[in-house]
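Data block below; observations after.
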Amino acid sequence: MAGANTLTFTDAGWDKEVLNSEVPVLVDFWAEWCGPCRMMTPTIDAVAEDYLGRVKVGKLNVDENGATGMRYRVQSIPTLLLFKGGNVIEQKIGTVGKIDLQKMLDAHLVVPEAVPDKV
């Protein structure tokens, strides 16, 4: 239940894939039975495509990976956590639109400074 650029995170690979990532990581904590979670899937997939190479975007099924959900005290799904440098730097709970996700990500991305053209 993920697009081509949307990663699947697990308890086993959590530290390597998320906490030790060189780029920010957006994680969608979800479950198969959760209607609002399923509604978020197209948005998550679109953001994963738009931010490919700049942000890792993925999903963690809390039913199959309960330890990580408990570790971050996820009590309601969908919950979106944005990690940078191994730390949670922002969170959203409930369904979120693509524009709101883009604003959240853009606020934490380093934009390269423009290099003036040589004359």
Side-chain angles (χ1 to χ4, degrees):
M1 189 175 166
N5 297 313
T6 304
L7 304 171
T8 299
F9 298 122
T10 63
D11 288 345
W14 184 259
D15 287 357
K16 180 182 178 199
E17 291 292 321
V18 178
L19 301 184
N20 296 326
S21 175
E22 302 262 332
V23 296
V25 183
L26 177 65
V27 182
D28 176 16
F29 290 80
W30 74 288
E32 186 70 41
W33 51 263
C34 169
C37 298
R38 288 194 311 271
M39 287 174 45
M40 283 295 302
T41 297
T43 302
I44 295 296
D45 291 345
V47 168
E49 185 174 329
D50 292 349
Y51 287 82
L52 186 62
R54 297 183 292 154
V55 177
K56 283 186 182 179
V57 178
K59 299 167 82 62
L60 181 123
N61 185 319
V62 294
D63 288 339
E64 297 170 0
N65 301 279
T68 302
M70 289 191 323
R71 181 177 179 181
Y72 293 96
R73 294 182 174 90
V74 174
Q75 297 178 357
S76 181
I77 54 175
T79 290
L80 301 166
L81 298 182
L82 181 60
F83 291 82
K84 189 172 185 181
N87 297 306
V88 177
I89 56 172
E90 196 159 344
Q91 107 177 3
K92 302 268 186 200
I93 297 173
T95 55
V96 179
K98 183 178 177 187
I99 292 171
D100 289 331
L101 278 182
Q102 289 171 321
K103 286 179 185 175
M104 180 173 91
L105 294 172
D106 290 346
H108 298 286
L109 290 177
V110 176
V111 178
E113 298 210 16
V115 178
D117 292 333
K118 291 183 179 180
V119 179

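Both backbone and side-chain heavy atoms feed into the values below; hydrogens, waters and symmetry mates do not.
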Any link between Leu7 and Leu19 through a network of hydrophobic side chains (Ile, Leu, Val, Met, Phe, Trp, Tyr) touching at under 4.5 Å?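 Yes: a chain of side-chain contacts under 4.5 Å links Leu7 to Leu19.
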Shared hydrophobic cluster, Tyr51 / Val23 (ILVMFWY, side-chain heavy atoms < 4.5 Å):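 Tyr51 and Val23: separate clusters.
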For residues 6-16, which residue pairs qualify under salt bridge (charged side-chain N to carboxylate O under 4.0 Å, His left out), counting only residues two or more places apart or in two chains?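 Non-adjacent pairs meeting salt bridge (charged side-chain N to carboxylate O under 4.0 Å, His left out): Asp15-Arg71.
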Are the side chains of [Y] and [X] in contact, using a 4.5 Å heavy-atom criterion?
X	Y	answer
Leu105	Leu82	yes
Glu64	Thr8	no
Val25	Phe9	yes
Ile44	Leu101	yes
Phe29	Leu60	yes
His108	Pro24	no
Phe83	Val27	yes

Between [X] and [Y], what is the shortest heavy-atom contact and its length?
X	Y	value
Cys34	Pro78	SG-CD, 4.1 Å
Val74	Ile77	CG1-CG2, 3.9 Å
Thr6	Ala48	OG1-CB, 3.5 Å

Gap separating the [atom1] atom of [X] from the [atom2] atom of [Y], nearest 0.5 angstrom:
X	Y	atom1	atom2	value
Asp28	Asp45	CG	CG	9.5 Å
Lys56	Asn5	NZ	CG	13.5 Å
Ile93	Thr79	CD1	OG1	4.5 Å

Going by the rule side chain to side chain donor-acceptor pair (under 3.5 Å), which residues pair with Asp50 if we only count those two or more places apart in sequence or in a different chain?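 Asp50 satisfies side chain to side chain donor-acceptor pair (under 3.5 Å) with Lys98 once adjacent residues are dropped.
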For side chain to side chain contact (heavy atoms under 4.5 Å, CB included), just list the numbers for Trp30 and Val62, CA-CA rounded to whole Å, side-chain angles, deciding distance to a tenth of an Å, and then say yes or no. CA-CA 6 Å; Trp30 74 288; Val62 294; over 6 Å; no
My understanding is that only residues two or more places apart in sequence, or in another chain, count here; which of them pass side chain to side chain contact (heavy atoms under 4.5 Å, CB included) with Lys92?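 Scan of Lys92 (side chain to side chain contact (heavy atoms under 4.5 Å, CB included), adjacent residues dropped) gives Leu80, Glu90, Val96, Met104.
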Near Gln102 CD, under 6.0 Å, is it more than 12 heavy atoms from other residues, nucleotides or ligands?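 Yes, enclosed.
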If only side-chain N and O atoms count, and only distance matters, is there a donor-acceptor pair under 3.5 Å linking Asp63 with Trp33?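 A donor-acceptor contact under 3.5 Å links the two side chains.
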